[in-house]
Asker: 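The structure's right below; bear with me while I get my questions together.
Lettering follows sequence order; numbering is per chain, from 1.
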Amino acid sequence: MTKTKILLDHGSGGKMAQDLIADLMLPGFDNPMLAKLDDGAVLELNGQRLAFSTDSYVVDPIFFPGGCIGDLAINGTVNDIAMCGARPLFLSVGLIIEEGFDQDDLKRILAAMSAAARQAGVLVVTGDTKVVPRGAADKVFINTTGIGVIPAGVAVGGDNARIGDQVIVSGTLADHGMTILSQREGLSFDSTLESDSAPLNHLVDAMLQDGRAVHVLRDPTRGGVATTLNEIAQSSTVGIRLIEDQIPVKPDVAGVCDLLGFDPLYVANEGKLLAVVAPEDAAAVLAVMQADPHGADACIIGEVIADHPGKVFMQTRIGGHRIVDMLTGEQLPRIC
Amino acid sequence: MTVEFLKAFSEPELAQQLIQQIKAKSRTPIRLMEVCGTHTVALFRSGIRSVLPETISLLSGPGCPVCVTAQQEIDAFIALARQEDVIITTFGDLIRVPGTCSSLQQQRAGGRDIRMVYATTDALAIARENPARQVVFLGVGFETTAPTVAAAVMAARAEGLKNFSVISAHKLVPPALAALIQTANIRLDGFILPGHASVIIGLNAYRPVFAEHPMAAVVTGFEPIDILQGLALLVAQIEAGEKQLANAYPRAVTAEGNQPAQKILADVFRPVDALWRGLSVIPRSGLALAEAYGEFDATRRFQIEVEDVPEPKGCACGEILTGLKTPPECALYQKKCTPAAPVGPCMVSSEGTCAAYYRYQG
Ligand code: SF4
């Protein structure tokens, strides 16, 4: 079979995306900052550490319950910078608009972007707009790039998880991904689902106060919690054990997942973070998170273990266990 | 299904009791087969495989709809996708299955119009929106999905929709059970029967098969407790030397099943001999469109030519689908064959046995 075409699976954030990056992207741009493959790059300039990150947004539909492509584009990059332990400051915005796109829709999107930037406390300081012929893009695509400052003493990184650390998630899983899916496919049971799109920089700020030992911060977007935890386990050469019973999923989201044969562990989130925290600081970090509106449902879902480095395990509700692999390609609804 | 509901049924103490009961009862080594892909996945995901005593071997049967679809059928789907002005509509995981020299996914990347739908009504909607093009739905699956396809065909007739057709590769569960029991070397002691399909066909649909070929069998649901209950019943039966059909899923499955669904199946389709991957041709085990609905049969509307092709070289899917081999016994497993680069359908579908082993056993 010819394998020369890019498949949607290559953009899924899972193993195929990883392979594509490793095979095609990394060789040409080899440098130590890129090689870490964290959510953003950490740069040193005159003794100041900066976090630098970029992301493109092509979500369809562009408006959905809980947000739109505009706030998603701001929050996504804000979060990628925050996951480096940094305070996001400045953003750039690039718009690619399809000829014929409705001006009112554009206004709504820009208003959402402006509100999101204000909520996150970041400034959009430069931008670019291109219009392409009908069909050359789908409605509107947005790229945002951001820069932030890492406070002294903060040391978070995907390779920093240590044995005994607790794994905390800031809230329920799979809200964004299942909302988009049910909107896109016009599924009739979608009425209650809502995206979790939110800026997490203030939450991160609060977590990092008082020198608390937060070792890893990641936002489990494409590929979901399972893929992100596998990446952490691999980068840190540790094992991770999850407790199935502790993993929070809203009942309506669980219902849709169940119906389609989706596993919420692999579905995208846009307003959630995973934190790997030293055991002695876990309770304090959890309390701070639960006091923040974006972390109200935070809970400990597992711990870092010495066994099986590079792998994630699940202790199931009935007392059994199994492996939690990373996502390979897009999850596809099953035929039942 | 809500989290509360799931939690109520996954209650650890209840699970522990059942596990202890199974361990206490199970003396002789037995081989049980689940014939539903959802069960295959649930057995792994819930961790049940990791808590059962060594006396119980679980074999995965031909329960993944995509996996049992024969290579020729996949090639026919791909050939259809290559025709001018055709829109292919299909349920999800079929698009990745490798045919002899391509897959629907590769065809889509090459510009063919292949659309994933979640319900057959979506396929009808696409047909309405594209009156100048032919819309074909790929009918794959068991008694569970076949009624929705039948309903779509009836709706198309009622509306006078001339550009909609179906290629039916549907398969039936009971005839496959008979074939499995008669396959040499499988040495089965009991069946875990599918909950969803049984909701439609009812317990009675299994009786003729088991009257002719007695076997311990239990219909169960998909929650961990459902499955453990089913396993406990099977172990008790087998230890007592009984061979009965039991229902561990009475909240959903009745003796008669869903009769309106059975009626539209009988109206729109007719049973035909069908080729199953791994099991060869099984008499009256597939569904083709009935004569009265022949105009909606894509195999009549289009010239589709596929050669008789061998299954992928080195792929043991056939033996895996009949429980003769487990994935680690396939030489390609985890080496040349992974979910990212699947050689056979059992590695493609999320419900395929090889994919389940890969994902949950590592
Ligand atoms: S591991 Fe791959 S090649 Fe082997 S039987 Fe399974 S699908 Fe076929």
Asker: Can you find a heavy atom in the side chain of A:L181 that is under 4.5 Å from one in the side chain of B:Y118?
Answerer: yes
Asker: Report the distance from atom CD1 of B:I225 to atom CD1 of A:I318, rounding to the nearest 0.5 Å.
Answerer: 7.5 Å
Asker: Quick check on B:R49 against chain A: is it the side chain, the backbone, both or neither that has a heavy atom closer than 4.5 Å?
Answerer: neither
Asker: A:R322 side chain to B:R45 main-chain N or O, any donor-acceptor pair under 3.5 Å?
Answerer: yes
Asker: Sort B:I19 into side chain, backbone, both or neither according to what part of it lies under 4.5 angstrom from a heavy atom of chain A.
Answerer: side chain
Asker: Is a side-chain donor or acceptor of B:S50 paired with a backbone partner of A:H321 at a separation under 3.5 angstrom?
Answerer: yes
Asker: Would you check if B:Y360 and A:D325 make a side-chain contact, meaning some heavy-atom pair closer than 4.5 Å?
Answerer: no
Asker: If I compare all heavy atoms of A:G319 with all of B:Q16, which pair ends up nearest, and what's the gap?
Answerer: CA-NE2, 4.5 Å
Asker: Apply side-chain contact (heavy atoms from CB on, under 4.5 Å) to A:A22 and list each qualifying residue two or more places apart in sequence or on a separate chain.
Answerer: none
